[in-house]
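Heads up, the thing below is written out as structure tokens.
Residue numbers start from 1 in every chain, and the chains themselves are labelled A, B, ... in the order their sequence lines are given, proteins ahead of strands.
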Amino acid sequence: MVKMIKAVRGFKDVLPEDTVYWRYLEEEARTLFESFGFREIRIPVLEKLELFQRGIGSTTDIVEKEMYVFEDRNGELLALRPEATAGVARAFIENSLHMKDPVNKYYFFGPMFRHERPQAGRLRQFHQLNVEAYGVKSPSLDAEIMAMLHMLTQKLKIDDALHLEINHIGCPQCRPIYRDILINFLNNQKEKLCKDCKRRLEKNPLRVLDCKKEGCKNIASQAPQIIDYLCDQCKDYFDKTLDYLAVSEVPFVINPMIVRGLDYYTGVVFELTTDELGAQNAVAAGGRYDNLMKELGGPDIPGVGFAIGVERTVALMKKRYTLEEETPLFFFAVMGEEAKRVALPLALKLRQEGVKCEMEHSDKSLKSQMRKANKLKVRFTVIVGEDEVRKGVLTVRDMEEKKQFEIQAQISELLKLAEAAR
RNA sequence: GUGGGCGUAGCUCAACUGGUUAGAGCACCGGACUGUGGCUCCGGGGGUUGGGGGUUCGACUCCCCUCGCCCACCCCA
């Protein structure tokens, strides 16, 4: 037997029964985002490796060990994007969009690539819906964006499964101060920390705060919290953001343990989490990234945004309701060459009018064609056989009413039926 | 990268302590007045039991290796 070629590990096919959900999500997101003034941008899947090293941070796990890196034929190092924000920022700078657009709000949809071990809710190729707003640093904008995310989950009827968790991780002034205090605190109890946390202590001390191990949790619960060490500006900014959320009736909880994994985050950060999907509980996440643009060699322009995990969102949708593909209105059951000569032009004209229909092309018995029509869940089966051809008529069977009748073999007659069935 | 679990028809699963041509349901195809669906009945196709090696008279069942999938850690959407 010839060896079967299978998809690459962690890369999945999305079959028609599932694309219904994907499309529903995309369409709801598009109309919602656009109503907020966000415009669609599309960027390449492949970027120079350096973009991600500088944008995301060269010591983050994503850049250090999860990227698909390739050498181009000219020796240049390229990477499949592990996330979208760095690329959007690059496009923004490269096209001088801050000089052109009065409003710099973009949304984006596409695949991302991370070489991790697959598990529930985690793939090597996965999809994100991203939202990015550049040029303004304002609590009301941050709150508006979180409200938009909340509205999307309401439209998708999955908001009951989600919690908006929010935190503020400080600015370049106050974060280092807190960081030192935390490191100092943790160092004093270093022996009680787990193996992973000792490593985290070196690399990303904030992560110790959300370790799942009991011992570390106990220590973390007594650790100093960033909120108590924010500078006046950050504190004020955070308070205002929370107030805007409250008056907008967006439910949220403050979670001082939220830390983002990408270096570019500053200030307000948030996650949309669920406890219905196993260990990978973040359905969306985002925050401010006020230094990203500058670090990529662009203008000093602040940004805020979030990314929604499409597969995870679809998983929640599927747990709650069923979406089905649109069924054809007509099925042409044909017997013989002459019948096909009658049916084909009629089917083509119906589609021209936007009516979904199917016709049989293989030479099967009427019984088998009826079975197919039934399986397709069509409303009308149009039977065309020798008798019909001779008389210039069509036999129409109403599959729901289980009644059938003859009509003239004219497109106008079929359109009348289509109109009546709507 | 590290752990654990699992691999039998398209899908969900069977097959006593190793023992005859590996079964069932669903799905698929066809038939039951050679032009009529959904129900029922009947029939049919489809598996080198993930792959390789070993033990044995005999392996889906035992052993080894390998590949793959799943879940968790790590990390994150």
Side-chain angles (χ1 to χ4, degrees), chain A residues 1 3-10 12 15 56 60-67 81-85 109-131 149 162 194-197 199-200 203-204 207 210-213 258-262 265 270-274 277-286 305-316 331 333-336 339 360 362 364-389 395-404:
Chain A
M1 194 172 76
K3 198 177 124 198
M4 180 173 56
I5 297 175
K6 298 209 277 191
V8 176
R9 178 173 216 194
K12 284 272 188 302
L15 302 178
I56 301 171
T60 58
D61 276 18
I62 291 179
V63 170
E64 227 171 36
K65 48 192 189 194
E66 295 174 4
M67 276 204 297
R81 61 181 180 218
E83 58 98 52
T85 300
F109 171 75
M112 307 297 159
F113 306 84
R114 303 213 305 219
H115 194 112
E116 302 178 86
R117 191 83 165 252
Q119 72 181 73
R122 193 168 75 183
L123 296 167
R124 307 248 256 216
Q125 181 190 74
F126 61 99
H127 296 73
Q128 288 188 338
L129 266 164
N130 279 256
V131 162
L149 178 57
L162 297 162
C194 72
K195 179 165 56 68
D196 285 327
C197 282
R199 187 172 48 78
R200 291 184 179 111
K203 199 170 151 191
N204 189 351
R207 279 240 164 272
D210 63 359
C211 182
K212 289 166 185 135
K213 302 225 165 53
I258 290 186
V259 186
R260 308 273 56 239
L262 286 54
Y265 281 109
F270 55 93
E271 279 182 14
L272 203 57
T273 58
T274 178
L277 296 181
Q280 305 303 314
N281 65 348
V283 171
F306 62 75
I308 302 171
V310 172
E311 284 84 352
R312 293 178 187 180
T313 305
V314 166
L316 286 178
F331 179 81
V334 294
M335 282 160 290
E360 182 60 52
S362 53
K364 295 197 171 160
S365 69
L366 180 60
K367 185 186 194 67
S368 137
Q369 296 191 53
M370 290 300 292
R371 275 207 255 250
K372 184 163 169 182
N374 185 246
K375 217 156 24 185
L376 286 170
K377 295 179 179 158
V378 301
R379 175 66 192 279
F380 300 111
T381 301
V382 182
I383 300 166
V384 195
E386 285 175 27
D387 295 351
E388 285 81 2
V389 172
T395 296
V396 177
R397 180 164 178 85
D398 185 327
M399 302 297 274
E400 286 170 20
E401 303 294 324
K402 300 170 194 169
K403 286 175 187 156
Q404 63 190 55

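For Lys367(A), taking side-chain heavy atoms from C-beta onward, the closest of the listed nucleotides A32(B), C75(B), G30(B) is A32(B). Taking every side-chain heavy atom of Thr395(A) into account, G35(B) is the closest of G37(B), A77(B), G35(B). Listed candidates were C74(B), G31(B), G35(B). Nearest to the side chain of Met335(A) is G35(B).
Across all strands, Lys377(A) comes closer than 4.0 Å to no nucleic acid atom at all (heavy-atom distances). At the heavy-atom level, Glu386(A) lies under 4.0 Å from base atoms of the strands shown. Glu388(A) comes within 4.0 angstrom of a base, heavy atoms only. Within 4.0 Å (heavy atoms only), Glu83(A) reaches no atom of the nucleic acid at all. Using a 4.0 Å heavy-atom criterion, one finds that Ser368(A) contacts the sugar-phosphate atoms exclusively. Ala282(A) comes within 4.0 angstrom of the backbone, heavy atoms only, and of no base.
In this model, the phosphate group of C75(B) is not approached by any side-chain N or O of Lys65(A) to a distance below 4.0 Å at OP1 or OP2. In terms of phosphate contacts, Lys375(A) brings a side-chain nitrogen or oxygen within less than 4.0 Å of OP1 or OP2 of C28(B).
Separating the C1' atom of G30(B) from that of U34(B) is a span of 14 Å, rounded to the nearest Å. G31(B) and U36(B) have their C1' atoms separated by 15 Å, with the value rounded to a whole Å. As rounded to the nearest Å, C28(B) and C74(B) have C1' atoms that lie 44 Å from one another. Taking atom C1' on both nucleotides, U61(B) is separated from G19(B) by 11 Å, rounded to a whole Å. G58(B) sits 12 Å from G54(B) when the P atoms are compared, rounded to a whole Å. C67(B) and C75(B) have their P atoms separated by 27 Å, with the value rounded to a whole Å. Using atom P as the reference point in both C41(B) and U12(B), the two lie 25 Å apart (nearest Å). To the nearest whole angstrom, the two C1' atoms, one in C63(B) and one in C26(B), are 36 Å apart.
Formation of a donor-acceptor pair under 3.5 Å by the Glu388(A) side chain with backbone atoms of Gly385(A) is found in this model. In this structure, Gln369(A) contributes its side chain and Lys364(A) its backbone to a donor-acceptor pair below 3.5 Å. In this structure a side-chain-to-backbone donor-acceptor pair under 3.5 Å is present from Thr313(A) to Gly309(A). Here the side chain of Arg114(A) pairs no donor or acceptor atom with the backbone of Arg124(A) at under 3.5 angstrom. Judged by distance alone, the side chain of Arg122(A) and the main-chain N or O of Glu116(A) form no donor-acceptor pair under 3.5 Å. The backbone N or O of Ser362(A) sits less than 3.5 Å from a side-chain atom of Glu360(A), completing a donor-acceptor pair. Remark: the backbone N or O of Thr381(A) is not paired with any side-chain donor or acceptor of Arg397(A) at under 3.5 angstrom.
Checked by distance alone, Arg114(A) brings a side-chain donor or acceptor within 3.5 Å of a matching partner on the base of A77(B). The base of G37(B) does not come close enough to the side chain of Glu400(A) for any donor and acceptor atom to sit less than 3.5 Å apart. Between the base of U36(B) and the side chain of Gln404(A) there is a donor-acceptor pair shorter than 3.5 Å. Taking only distance into account, the side chain of Arg122(A) meets the base of C74(B) through a donor-acceptor pair shorter than 3.5 Å.
In this structure, the CZ atom of Phe331(A) is 14 Å from the P atom of G38(B), given to the nearest Å. In this entry the distance linking CD of Glu360(A) with C1' of U36(B) reads 14 Å, nearest Å. Atom P of nucleotide A77(B) and atom CD of Glu116(A) are separated by 9 Å, given to the nearest angstrom. In this entry the distance linking CG of Leu277(A) with P of A77(B) reads 15 Å, nearest Å. In this structure, Leu366(A) places its CG atom 4 Å from C1' of U36(B), rounding to the nearest Å. For Lys364(A) and G37(B), the NZ to C1' distance is 14 Å, given to the nearest whole Å. Rounded to a whole Å, the CG atom of Asn374(A) is 11 Å from the C1' atom of U36(B). For Arg371(A) and A32(B), the CZ to C1' distance is 10 Å, given to the nearest whole Å.
Under the side-chain contact (heavy atoms from CB on, under 4.5 Å) criterion, Glu311(A) pairs with Trp22(A), Leu123(A), Phe126(A), His127(A), not counting sequence neighbours.
Counted by atom type alone, Thr395(A) and Gln404(A) present zero donor-acceptor pairs between their side chains at under 3.5 Å.
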Kindly give the atom pairs (protein nitrogen or oxygen, nucleotide nitrogen or oxygen) under 3.5 Å for nucleotides 69-71 of chain B.
unit_1	atom_1	unit_2	atom_2	d
C69(B)	OP2	Arg9(A)	NE	3.0
C70(B)	OP1	Lys12(A)	NZ	3.2
C71(B)	OP2	Ala120(A)	N	2.8

> Dot-bracket for RNA chain B: what is it, with Watson-Crick or G-U pairs under 3.5 Å, [ ] where a pair crosses earlier ones, and | for a pair to another strand?
Replying inline: (((((((..((((.....[...)))).(((((.......))))).....(((((..]....))))))))))))....
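Between Gln280(A) and Val378(A), the one whose closest nucleotide on RNA chain B sits nearer the 5' end is Val378(A).
Residues Leu277(A) and Leu316(A) form a side-chain contact, since some pair of their non-hydrogen atoms from C-beta on lies under 4.5 Å apart.
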